[in-house]
> 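I'd like to ask you about the structure that follows.
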Amino acid sequence: MSTRKRYWLMKSEPTDFSIDDLARVGTEPWTGVRNYQARNFMRQMQIGDGVLFYHSNTDVPGIYGIGEVAATAYPDPTQFQKKSKYFDEKATREQPRWDLVDVRFVRKLARGIPLDEIRGHADALGEEFALIRKGSRLSVMPVTAAQWKRLLSLE
DNA sequence: GCCAACGTTGGC
DNA sequence: GCCAACGTTGGC
């Protein structure tokens, strides 16, 4: 396993958990991911990996801040909590289904980078970039070093 | 609030 | 293993 720093993008609905919330709490367990592809990406994350914090389902969806991976993947406790909206009756402590990572606040962007602006750079970012791929709803995705640099140059 | 796109579930 | 039904995501 390489120890080179990698990059990711993680979506959150700001009414649920925003970059300001992350700034306030410092570090947050990324609960609630219930998609296997997204989960598998989290399992690949290493401490110190860069995270683009994306606001979805909001007036101006886009990238609003930067975080970093503070703890590698471990079972998401909400899958065991009956009262949680993330409860999964098929998950057991012996065989958990869902993992999460801890994300630590790094900084807010000087200005948000709106999705429609990101779309304008599709050529440079690549058609395969899940964020701008038609119909893609993936909430955790890898970002290449080149994409990371390109996106932050729009700040 | 609408709805297209997608993922999951469950009957067969 | 197929696929219709259903639930969710997330832009608009």
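Just so it is clear: chains get the letters A, B, ... in the order the sequence lines come, proteins before strands, and each one is counted from 1. Only heavy atoms go into these numbers, but all of them, side chains included; no hydrogens, no water, no symmetry mates.
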> Rounding to an integer number of Å, can you tell me how far A:Trp98 CH2 sits from B:dG7 C1'?
10 Å
> For residues A:Trp98 and A:Tyr74, establish whether the separation of their ring centroids is below 6.0 Å.
no
> For a salt bridge (Lys or Arg N to Asp or Glu O under 4.0 Å) check, start with the C-alpha distance between A:Arg119 and A:Asp116, then their side-chain angles and the critical distance, and finish with the verdict.
CA-CA 5 Å; A:Arg119 282 221 177 86; A:Asp116 58 3; over 6 Å; no
> Could you state the atom-to-atom distance from CD of A:Glu13 to P of C:dT9 in whole Å?
7 Å
> Starting at NZ of A:Lys134 and ending at P of C:dG11, how long is that distance when rounded to a whole Å?
14 Å
> I'd like to know if the side chain of A:Asp76 and the backbone of A:Thr31 have a donor-acceptor N/O pair within less than 3.5 Å.
no
> On DNA chain B, does the nearest nucleotide to A:Asn57 precede the nearest nucleotide to A:Ser136 from the 5' side, or the other way round? Give the residue.
A:Asn57
> Kindly point out which of B:dT9, C:dG11, B:dA5 is positioned nearest to the side chain of A:Arg119?
C:dG11
> How many Å lie between CZ on A:Arg97 and P on B:dT8, as a whole number?
9 Å
> Expressed as a whole number of angstroms, how long is the span from A:Glu89:CD to B:dG10:C1'?
13 Å
> Between A:Thr58 and A:Pro61 (side chain of the first, backbone of the second, donor and acceptor by atom type, cut-off under 3.5 Å), is there such a pair?
no
> Whole Å only: how far is the NZ atom of A:Lys90 from the P atom of B:dG10?
5 Å
> Take a 6.0 Å sphere around CZ of A:Arg93 and say whether it holds more than 12 heavy atoms from other residues, nucleotides or ligands.
no
> Identify which nucleotide among C:dG10, B:dT8, B:dT9 has an atom closest to any side-chain atom of A:Tyr36, counting heavy atoms from C-beta outward.
B:dT8
> Can you measure A:Asn35 atom CG to C:dG7 atom P for me and round it to whole angstrom units?
18 Å
> Without decimals, in angstroms, what is the distance between A:His55 NE2 and C:dG10 C1'?
14 Å
> Of the listed nucleotides (C:dG11, B:dG10, C:dG10), which one gets closest to any side-chain atom of A:Ser139?
C:dG10
> So, under a plain 3.5 Å distance rule, would you say the side chain of A:Arg137 forms a donor-acceptor pair with the base of C:dT8?
yes
> Any side-chain N or O of A:Tyr54 less than 4.0 Å from the OP1 or OP2 oxygen of C:dT9?
no
